[in-house]
Amino acid sequence: MSNVRPGGDHVAPERVDEHPYSVAFRSGDLVAVSGRLGVSEPGVLVPGGFEAECAQAFANLDEALRSAGAARGDVVKVVAYLTDIADRPRLNAAYQRFFSGPRPARSCVGVAELPYGGCVEIEALARVGTASGVPCAR
């Protein structure tokens, strides 16, 4: 098992106690990535609203996956949290841009609020070293 704290952690050293979790956690061939927000530095959301935050959250997810030896193609499950469930179509568009080929399973959950006032948070589960997945049902 390895506890991965990549550079993309976006948790300032003086704030680590506020965030007592790993950004990515690898156990064997499984990698769990904690929810990634649209922040470009500790606690600071990127400007530009939902699309900008979504793009940054996916970039942060990419960075966390790489730090754990995984890649987008290894992702098998995604959970997205939205403060406005009406943003689901915009999330779908960003999801299609981020994942090509067979896309991982996904859940989308509406929530009252997210850290730093964000509007989207994305977490993932990956299995490293597997061939591209195949959807079982559509």
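- Both Ile122 and Tyr95 belong to a common hydrophobic cluster when Ile, Leu, Val, Met, Phe, Trp and Tyr are linked at side-chain heavy-atom distances under 4.5 angstrom.
- Closest heavy-atom contact between Ala68 and Ala24: CB-CB, 4.2 Å.
- Residues meeting the side-chain contact (heavy atoms from CB on, under 4.5 Å) test with Ala124, sequence neighbours left out: Leu61, Val75, Val78.
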Next on the checklist: Could you walk me through whether Val33 and Glu123 satisfy the side chain to side chain contact (heavy atoms under 4.5 Å, CB included) test, starting with their C-alpha distance in whole Å, then the side-chain angles of each, then the deciding distance to 0.1 Å, before giving a yes or no?
Outcome noted: CA-CA 6 Å; Val33 178; Glu123 68 178 52; 5.8 Å; no
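- Closest approach of Gly129 to Asp74, counting heavy atoms only: N-OD1, 3.8 Å.
- Taken together through direct or relayed side-chain contacts under 4.5 Å among Ile, Leu, Val, Met, Phe, Trp and Tyr, Leu91 and Val46 form parts of separate hydrophobic clusters.
- When every heavy atom of Glu121 is checked against every heavy atom of Leu37, the shortest pair comes out as CB-CD2, 3.7 Å.
- Shortest non-hydrogen contact noted between Ala57 and Arg36 is CB-O, 3.5 Å.
- In terms of the salt bridge (Lys or Arg N to Asp or Glu O under 4.0 Å) criterion, residue partners of Arg66 (sequence neighbours excluded) are, by chain and number, Asp62.
- Taken from CG in Leu82 to CZ in Arg88, the straight-line distance is 9.0 Å, to the nearest 0.5 Å.
- The backbone N or O of Phe98 sits less than 3.5 Å from a side-chain atom of Arg72, completing a donor-acceptor pair.
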Under 3.5 Å, which donor-acceptor pairs link side chains of residues 104-115 to any protein atom two or more places apart or in another chain?
residue, atom, partner, partner atom, Å
Arg106, NH1, Asn92, OD1, 3.0
Arg106, NH2, Asn92, OD1, 2.7
Ser107, OG, Lys77, NZ, 2.6

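- Tyr81 pairs by the ring-ring contact (aromatic ring centres under 6.0 Å, His included) definition with nothing, not counting sequence neighbours.
- In plain terms, the two heavy atoms of Thr83 and Gly118 that are nearest each other are CG2-O, 3.4 Å.
- Nearest heavy-atom pair across Ser22 and Ser34 is O-OG, 2.6 Å.
- Scored by the side-chain contact (heavy atoms from CB on, under 4.5 Å) test, Ala94 finds Cys54, Phe58, Arg97 as partners (sequence neighbours excluded).
- Residues satisfying the salt bridge (Lys or Arg N to Asp or Glu O under 4.0 Å) criterion with Arg90, sequence neighbours excluded, are Glu51, Asp87.
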Checklist entry - Would Val44 and Val39 count as a side chain to side chain contact (heavy atoms under 4.5 Å, CB included) if you check the C-alpha gap in whole Å, the side-chain angles of each, and the deciding distance to 0.1 Å? => result CA-CA 5 Å; Val44 180; Val39 296; 5.7 Å; no
